[in-house]
Amino acid sequence: MPPAEPPNPPGQVWAHTGQPFTHREFDTLVLGAGRMGASCALYLRQFAPTLSLLLVEEGGLPNEDGATLLAPGVWSGLGVPAERQREAGWTRAQLETAFGDISFQTRPLVDLHAAPGANRVPSRDLDLDAALVDPALVDTDALAWASVGTLAATYRPGALALNAAQAAIRAGAHLMLNTRAQLCGDGSVTLERLTVTNTHQIVVHETHRVRARTIVVALGAGGPHAIDHDLGVHSAHARAYRQFPRLNTSSTDASPLLRAHGLTLRPQNGGYTVVPAIHHRDPAGYVPVGGKLTGVPTGLRRETLEDLVAAMDALPALGTDALETGRSLSDVPGAWFALPHGKPDGLPLHEQVAPGVHLLLGGPHADTLGVSTAFDLAARIAGVEGRPWEELE
Ligand code: ADP
């Protein structure tokens with residue numbers, strides 16, 4: 001029997017500027033440690049353990065802010081086109097087992113409608129009370145029909161990013177935190193190590209230029225801008241600002257996910273997180289601002305406010321104090337999401353945008369197809385054939 005390969009020693013972590021950094025070259029740089037970058041880094045360690053890898057993150061933790069932390073963490077086959085359903089199923093299995101404890105939990109998704117349709121049953125028959133849905137939440141006269149997705153699941157994308165980054169480090173990836181990356185267009189990247197002054201200003205402490213054969217741009221909503229601005233590659237991708245107001249109507253671990261009027265209600269921390277639809281890309285330069293409800297300023301952007309008002313009759317709790325609308329934007333959690341191809345329903349993708357440079361985009365469907373997309377890119381970079389989901393029944 002050949003001797004077993006010695007395992008890679010764990011990688012190095014540069015968390016702050018007091019830790020000197022002298023490297024000049026890596027085989028692979030992964031820019032951005034959201035769930036897309038962190039899971040891609042982990043798969044790369046598994047496929048290509050001999051390639052040196054540096055994961056770079058602007059925040060002080062893998063995914064300190066960004067889409068991953070606020071993403072609803074709802075796996076659902078709803079809205080996934082037929083040709084990517086098997087891939088979604090494979091992702092579900094990975095979420096269940098491959099990333100440690102990410103609070104993965106199977107939960108039915110009750111999709112509520114006013115009218116009958118294929119696979120819909122009268123919503124009264126579902127006995128939502130018994131399923132621990134507060135009766136004040138759903139008007140079953142207005143939403144008289146429902147279909148149920150029994151395979152839906154919830155999990156914490158932030159935990160996924162953190163666990164994936166930690167596992168990647170254990171497998172030999174290096175991680176640089178508090179560092180802003182900028183593409184240079186010649187196969188190199190500028191790394192600005194950030195620090196905080198005693199007046200709480202974030203400033204650049206030092207700058208390094210690092211070269212790599214392969215660069216993965218996993219900067220979330222900032223990715224398209226980076227390749228556009230720094231590499232001069234025009235892309236059709238865009239971004240949108242999405243907010244997640246909280247609804248303090250009681251839920252338990254056993255409560256189902258609810259969907260109605262384009263809104264998803266995700267049971268979380270004893271209440272619900274309201275996940276509004278994304279209607280369109282936000283134009284370059286858009287600055288999120290709160291709208292007014294009957295003359296009173298709220299922290300919700302206008303489109304989301306309109307969606308909630310339109311759903312209030314069918315979901316009466318939205319019209320009560322249980323909904324936290326805030327008074328200004330900072331009161332309501334929100335983040336920028338990438339929109340692949342500029343479309344609100346754009347699916348996760350990766351694409352080579354310059355020699356050795358790959359853009360990795362998650363976006364609104366990253367909960368369901370993000371991990372498989374990161375896996376696919378890692379396999380491609382490592383020269384490993386095959387998409388395991390294509391072998392599934
Ligand atoms: P995704 O779902 O694609 O992973 P996120 O927005 O969660 O999207 O992740 C992108 C990550 O990239 C965030 O953690 C963010 O802090 C980080 N990031 C954004 N811009 C830069 C940059 N210029 N340099 C380093 N990290 C960045």
Side-chain angles (χ1 to χ4, degrees), residues 14-15 29-43 54-75 91 95 99 102 155-165 168 174-184 188-194 202 204 207-208 210 212 215-231 237-242 244 278 333-340 346-351 357-378:
W14 292 271
L29 286 174
V30 179
L31 310 181
R35 63 165 123 193
M36 299 303 290
S39 55
C40 186
L42 176 58
Y43 287 128
L54 176 67
L55 179 58
V56 181
E57 168 57 44
E58 186 169 2
L61 275 175
N63 193 248
E64 196 181 20
D65 56 15
T68 297
L69 205 63
L70 284 183
V74 173
W75 184 97
T91 298
L95 294 171
F99 294 96
I102 57 170
Y155 65 100
R156 291 197 297 132
L160 188 156
L162 195 60
N163 293 357
H174 306 294
L175 171 68
M176 213 170 168
L177 296 168
N178 295 306
T179 301
R180 191 186 299 138
Q182 199 179 347
L183 298 162
C184 300
S188 74
V189 171
T190 301
L191 301 178
E192 296 177 330
R193 300 190 77 188
L194 308 172
I202 295 176
V204 177
T207 299
H208 298 269
V210 175
I215 299 170
V216 175
V217 180
L219 300 174
H225 176 78
I227 60 157
D228 208 347
H229 190 265
D230 304 335
L231 298 184
H237 309 303
R239 59 180 200 157
Y241 189 75
R242 189 186 220 183
F244 301 94
I278 295 178
W336 287 99
F337 282 71
L339 294 189
L347 299 176
L349 59 82
H350 62 79
E351 66 185 13
V357 184
H358 301 267
L359 178 67
L360 179 58
L361 284 185
H365 287 282
D367 283 343
T368 304
L369 288 164
V371 159
S372 54
T373 306
F375 176 98
D376 196 52
L377 176 56

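One-based numbering, in listed order, for ligands and for the atoms of each.
Where the criterion is an N or O separation shorter than 3.5 Å, residue side chain and backbone included, E58 meets it with respect to ligand 1. Remark: ligand 1 and A67 share an N or O pair separated by less than 3.5 Å (distance only, no angle test). In terms of N/O distances under 3.5 Å, ligand 1 is approached by M36. When only interatomic distances are considered, the shortest N/O to N/O separation between T68 and ligand 1 falls below 3.5 Å.
No part of A38 comes within 4.0 Å of ligand 1, judged by heavy-atom distances. Using a 4.0 Å cut-off between heavy atoms, A366 makes no contact with ligand 1 at all.
Every atom of ligand 1 is numbered from 1 in the order shown, and the set under 4.0 Å from a heavy atom of G66 is 6 (O), 7 (O). Near A181, with a cut-off below 4.0 Å to any heavy atom, the atoms of ligand 1 are 22 (C), 23 (N), 24 (N), 25 (C). Contact atoms of ligand 1 toward T179: 24 (N), 25 (C) (distance under 4.0 Å to a heavy atom of the residue). Counting atoms of ligand 1 from 1 in the listed order, those under 4.0 Å from a heavy atom of G220 are 3 (O), 6 (O), 8 (O), 10 (C). Each of the following atoms of ligand 1 lies closer than 4.0 Å to a heavy atom of G34: 4 (O), 7 (O), 9 (O), 11 (C), 14 (O).
A donor-acceptor distance shorter than 3.5 angstrom exists from the side chain of N178 to the backbone of A15, with no hydrogens or angles considered. Listed for the S39 side chain is a donor-acceptor partner under 3.5 Å among the backbone atoms of R35. Within the 3.5 Å criterion, the main-chain N or O of L177 finds a donor-acceptor partner in the side chain of T179. Side-chain atoms of Y155 do not come within 3.5 Å of backbone N or O of W75 as any donor-acceptor pair.
Note that CG of L42 and CG of N163 are 10.0 Å apart. Values are rounded to the nearest 0.5 Å. T68 contributes atom OG1, which lies 9.0 Å from atom CG of D367 (distance to the nearest 0.5 angstrom). One finds the CG atom of L219 at 12.0 Å from the CE atom of M36 (value rounded to the nearest 0.5 Å).
You'll find the side chain of P364 reaches within 4.5 Å of the side chain of P340, heavy atoms only. In this structure, the side chains of I102 and L95 come closer than 4.5 Å at one or more pairs of heavy atoms.
Counting only non-hydrogen atoms, the option in R35, E57, H225 that gets closest to atom 15 (C) of ligand 1 is E57.
Remark: distances from the non-hydrogen atoms of G222 to ligand 1 are all 4.0 Å or more. L219 counts as a contact of ligand 1, since one of its heavy atoms falls under 4.0 Å from the ligand.
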